[in-house]
Amino acid sequence: MGGTDARSTCGLSDDGACDVVAPQVVAVVGPTASGKSALADELAVRLGGPVVSADAMQVYRRMDIGTAKTPVAERRAPLLCIDLAEPSETYSVACFMSQAHEAIDTALGAGRVPVVCGGTGLYVRAALEDMDFPSGEQLDNPVRARYEALAAELGPDAFHDLLAQRDPASAVLIHANNVRRVVRAFELLEQGTSYAVQHEGLHVRVDRHPTLMVGLEMDRAQLYERINVRVERMVETGLVDEVRGLVAEGLADSLTSRQAIGYREIIAYLAGECSLAQAVDDIQRASRRYAKRQLTWFRGDPRVRWIDASGYTCEQMADIVEQWMAVGISNHAGV
RNA sequence: GGCUGGAUAGCUCAGUUGGUAGAGCAGGGGACUGAAAAUCCCCGUGUCAGGGGUUCGACUCCCUUUCCAGCCA
């Protein structure tokens, strides 16, 4: 595990005031359309490192316009951890964690500062921390299918009651209607652990390397306006054709990638279920709600230092981040 | 100009024999450890268009003004 040496200099001061150290990794987080990618690229250019995407949908190849991957021609720094899987594949955070760690550690090994950039809270954590995932069969396992069938047969409440009998501690943490997570809890039981045990480590945040986390926030109305414009721009620049091509190769049957905002709505449009205008409307609304959830996630992370993105240009924000880097960050052993 | 409907939450509307109002959508807040752009939970006070009247009490009945639809001139 990589980060222990960096932290070993930090004596455990009882008042929590640890040493101030220079960050080795920068992370840019925030809601969709807040300008993360541009800032990350600018920072990466200045720092000489790569941008490491932490986005659950950008990992899929050929899903470019709808996931707002920075076009190749506009990338000034290398963009890593995108295009890792086929849209038909079932990908997962655990897969992402190892690939992101490798990308980050390679950059650090070359003396570079990687700039993690992403809107998927769980993926950002996976990139920055060592999360414990029980080993064993991961993807498309029959265990999951079995419990999904059982859930469908019993109904949410009885299914949840069953979990309460086998693993009461986990059952209290999960709402009965959240069938997906109840299924996951059963899976973990079969692997000899429990959702509740994993959950305990949830609020212990230990970075693998000293990391400066920067969050972009913005007036809500302004953010929503940016989202609306961006969605229209996506359609203008060929989102429908992109989705049409992916549907031809089976996107509509994929497990994960077809759930991506922008794709599921255009799939519906192409299937004749709604007008294009309606699809655009739906994408915009889904994006707004997603942005809200992203904000909820990142607001809960005490490591994040926020910048009002509506008040500065990309270059000015990069200046601020560089100043923060020069000052250094508290090398908490965990927040 | 006349007649008939409307005017209630940001939007579309409901409101039962008069007891000061509630749904959907939009929106807001939260959770989150192997599908996470997923999944799930919680949140409804608004001059009931303005004014007057009847009544113990009016969104609800009566009169009037304004505005909007449609019909007749």
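In what follows, chains carry the letters A, B, and so on, assigned in the order in which the sequence lines appear, proteins first and then strands, with residues in each chain numbered from 1.
Base-pair partner of B/C59: not found among the strands shown (Watson-Crick or G-U wobble, both distances under 3.5 Å). Using N1 to N3 plus N6-O4 or O6-N4 for Watson-Crick, or N1-O2 and O6-N3 for G-U wobble, each under 3.5 Å, B/C25 pairs with B/G10. For B/G70, the paired nucleotide is B/C3, the pair qualifying as Watson-Crick or G-U wobble because both relevant distances are below 3.5 Å. Nucleotide B/U45 has no partner under the Watson-Crick or G-U criteria, as no pair reaches both atom distances under 3.5 Å. Using the Watson-Crick or G-U wobble rule with both distances under 3.5 Å, B/C32 pairs with nothing in any strand shown.
In this entry the distance linking CG of A/Leu188 with C1' of B/C32 reads 14 Å, nearest Å. When rounded to the nearest whole Å, the span between CZ of A/Arg230 and C1' of B/A37 equals 11 Å. As rounded to whole Å, 15 Å separates atom P of B/A36 from atom CD of A/Gln198. The distance between atom CE of A/Met234 and atom P of B/A37, rounded to the nearest whole Å, is 14 Å. Across the protein-nucleic acid pair, A/Ile174 atom CD1 and B/C41 atom P stand 13 Å apart, rounded to whole Å. Atoms CG (A/Asp301) and P (B/A31) sit 12 Å apart, rounded to a whole Å. When the C1' atom of B/A31 is taken as reference, atom CG of A/Leu295 falls 15 Å away, rounded to whole Å.
Using atom C1' as the reference point in both B/A26 and B/U33, the two lie 33 Å apart (nearest Å). Here, B/G6 and B/C43 have their P atoms 34 Å apart, quoted to the whole Å. Comparing the P positions of B/A14 and B/G52 gives an interatomic distance of 27 Å, to the nearest angstrom. A gap of 29 Å separates the P atoms of B/G51 and B/G70, to the nearest Å. Using atom C1' as the reference point in both B/A23 and B/A9, the two lie 11 Å apart (nearest Å). Taking atom P in both B/A31 and B/G50, one finds a spacing of 41 Å when rounded to whole Å. As rounded to the nearest Å, B/U17 and B/U12 have P atoms that lie 27 Å from one another. Rounded to the nearest Å, the gap between the P atom of B/U55 and that of B/C48 is 23 Å.
OP1 or OP2 of B/A35 sits under 4.0 Å from a side-chain N or O of A/Arg144. An OP1 or OP2 oxygen of B/A38 is reached within less than 4.0 angstrom by no side-chain nitrogen or oxygen of A/Arg258. OP1 or OP2 of B/A36 has at least one side-chain nitrogen or oxygen of A/Tyr123 nearer than 4.0 Å. In this structure, A/His175 does not reach the B/A31 phosphate: none of its side-chain N or O atoms is under 4.0 Å from OP1 or OP2. An OP1 or OP2 oxygen of B/U33 is reached within less than 4.0 angstrom by a side-chain nitrogen or oxygen of A/Arg181.
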Could you go through the salt bridge (charged side-chain N to carboxylate O under 4.0 Å, His left out) check for A/Glu148 and A/Arg144 one step at a time? CA-CA 6 Å; A/Glu148 278 171 347; A/Arg144 180 173 295 184; 5.2 Å; no
Please evaluate residues A/Phe159 and A/Phe186 with respect to the criterion ring pair (Phe, Tyr, Trp, His ring centres under 6.0 Å), reporting the C-alpha separation (whole Å), side-chain torsions for both, the decisive distance (0.1 Å), and the verdict. CA-CA 10 Å; A/Phe159 187 53; A/Phe186 276 114; 5.1 Å; yes
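With B/C32, B/A38, B/A35 as the candidates, the nucleotide lying closest to the side chain of A/Tyr195 is B/C32. Closest contact between the side chain of A/Leu255 and the listed nucleotides B/U33, B/A35, B/G28 involves B/A35. Of the candidate nucleotides B/A38, B/A26, B/U33, B/A26 has the atom lying nearest to any side-chain atom of A/Arg288. Of the candidates B/A36, B/G28, B/C32, B/A36 carries the atom nearest the A/Met57 side chain, counting heavy atoms from C-beta on. With B/G29, B/C32, B/A36 as the choices, the nucleotide that has an atom nearest any side-chain atom of A/Arg299 turns out to be B/G29. If you check B/A38, B/C40, B/C25 against the side chain of A/Arg289, the one that comes closest is B/C25. Taking only side-chain atoms of A/Ser92, from C-beta outward, the nucleotide of B/A35, B/A26, B/C32 with the closest atom is B/A35. Proximity note for A/Thr90 (side chain, C-beta onward) versus B/A35, B/U39, B/A36: the nearest is B/A35.
Environment of CD in A/Glu102: sparse, with no more than 12 heavy atoms of neighbouring residues, nucleotides or ligands closer than 6.0 Å.
One cannot find a donor-acceptor pair under 3.5 Å joining the base of B/A38 and the side-chain atoms of A/Arg264. Taking 3.5 Å as the limit, the base of B/A26 and the side chain of A/Arg285 contain no donor-acceptor pair of atoms between them. Side-chain atoms of A/Lys292 stay outside donor-acceptor range of the base of B/G27, with no qualifying N/O pair under 3.5 Å. One donor-acceptor pair, N or O on each side, does fall under 3.5 Å between the base of B/A35 and the side chain of A/Glu148.
Comparing A/Tyr224 and A/Asn177 by the nucleotide of RNA chain B that holds the closest heavy atom to each, the one mapping nearer the 5' end is A/Tyr224. Position along RNA chain B of the nearest nucleotide to A/Val93 versus A/Arg180 favours A/Val93 as the more 5'-ward residue.
Shown here for A/Thr70 and A/Ser37, the closest heavy-atom pair between the two residues is OG1-CB, 3.7 Å. Shown here for A/Arg125 and A/Val204, the closest heavy-atom pair between the two residues is NH2-O, 3.5 Å.
Counting only distance, with no hydrogens or angles, the side chain of A/Gln294 and the backbone of A/Gly119 share a donor-acceptor pair below 3.5 Å. A donor-acceptor pair under 3.5 Å links the side-chain atoms of A/Lys69 to the main chain of A/Met63, judged by distance alone.
Using a 4.0 Å heavy-atom criterion, one finds that A/Thr32 contacts no nucleic acid atom at all. In this structure, A/Gly201 reaches the bases: a heavy-atom distance under 4.0 Å links it to at least one base atom across the strands shown.
Each of A/Tyr60 and A/Leu79 belongs to its own hydrophobic cluster when Ile, Leu, Val, Met, Phe, Trp and Tyr are linked at side-chain heavy-atom distances under 4.5 angstrom.
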